[in-house]
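Okay, structure first, notes after.
It should be emphasised that the depicted structure is a prediction, and the values quoted were computed from it without experimental measurement. Proteins come first, then strands; the chains are lettered A, B, ... in the order of their sequence lines, and each starts at number 1.
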Amino acid sequence: MSWHVATVVGTRSVTPTARALTLAVPGFAAALPGQHVDLRLTAPDGYQATRAYSLSDTGQDERVDVVVDEVPDGEVSPYLTRVARPGDQLEVRGPLGGYFVWHEDDPAPVLLVAGGSGVVPFLAMLRARRAAGRRTPFRLVCSVRTPDDAIERAEVDSPDPGLDVHWVFTRAAPPGWPAPPRRLTTDDLVTPGFGPDDGTAVFVCGPTGFVEAATGLLTGLGHPPGRVRTERFGGA
Amino acid sequence: MSSPGTTAHDVPVLDGSALAGVLSEVYAFEATRAVVRCASCGHADVLARTTVHLTAMGGVVRCATCTAVLLVVVERPDGVRVSTSGAAWVQAPG
């Protein structure tokens, strides 16, 4: 798969550390929800750095939408979250991956478990489901440190038939929130209609430690390992 | 000393999806859905479910069951090279 030249056409802050970027990418074929792209930056001296980012919206040719959360001291993300502006050019390879993908014609209930910016590929799945007018049962469990870290919370929380959203705050909860800050537990993952016996398709995305903890809870509940798809991300 | 999700060298542990882009330079099929059989323990699973350590040079792919090295992917100036000596076989997705 070859590299495409991409031009930044829009940026929007979504949290104090994360930014949504829209790129115009001639030759880029429409992606499926859950797929990602590689973004490549080239410094004036020719040094290149490549990182993978999940797509936050899919289905349109020649257009790439990502949400990038800044990794302190990262090589690529600080440029994307602070510096990049409309007209800037970079390179894109993709769409990539075919495993961590939701297909809109799959009727199985879907349980999405996100840690931090791991919600980004799930935004693409929610948007694709809405765009297709599907009523497939979806439950999204989002674990974030504080309310400020919640990416696109207003959109995620807006009513959508068949979609159930559950937030877990690990360091600071919103005022009046019914539960104190705490880590994800088994109770967050048990919901009628989304159990192992319901044929649930489970997707888990987040930092490696989160993914391993959540996957342990899910398989402990009886979800077959083959029905729990994971995508880990690391420093960038 | 290492914490969950990191190695002794503090390289994040990722999964096979992290190599989808570089492997698209080598294979005509979508590599993360290809099945790889471990030559050490015989476990066979899709590449997306393997364990990957990324470095500036490429990636090391390990069996999720026995941690044996399955593939080593190196980005060379003259092209991407994949060492497959730890894999009994690789099967393209159906």
Note: vs chain B, highest number of non-hydrogen pairs under 4.5 angstrom among A:Gly94, A:Gly226, A:Ala52 is A:Gly226
Could you grab the distance from atom [atom1] of [X] to atom [atom2] of [Y], nearest 0.5 Å is fine?
| X | Y | atom1 | atom2 | value |
| --- | --- | --- | --- | --- |
| B:Leu47 | A:Tyr99 | CG | OH | 11.0 Å |
| A:Gln35 | B:Glu30 | CD | CD | 7.5 Å |
| A:Arg51 | B:Leu54 | CZ | CG | 8.5 Å |
| A:Glu231 | B:Thr32 | CD | OG1 | 8.5 Å |
| B:Ser24 | A:Arg93 | OG | CZ | 5.0 Å |

Please look at A:Pro225 and chain B and tell me whether the side chain, the backbone, both or neither of the residue comes under 4.5 angstrom of a heavy atom of that chain.
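Both parts, backbone and side chain.
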A:Val228 versus chain B, the contacting section by heavy-atom distance below 4.5 Å
backbone
Below 4.5 Å from any heavy atom of chain A, which atoms of B:Val52 appear? Answer side chain, backbone, both or neither.
neither
On a heavy-atom basis, which atom in B:Ala20 and which in A:Gly97 lie closest, and how many Å separate them?
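Smallest interatomic distance, heavy atoms only, reads CB-N, 3.9 Å.
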Distance-minimising heavy-atom pair for A:Arg232 and B:Leu14
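Looks like O-CD2, 3.7 Å.
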Sidechain-backbone polar pair: A:His36 side chain, B:Ser17 backbone, donor-acceptor under 3.5 Å
yes
Atom CZ of residue position A:Arg182 - does it have more than 12 heavy atoms of other residues, nucleotides or ligands inside 6.0 Å?
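Yes, the 6.0 Å shell around CZ holds more than 12 heavy atoms from other groups.
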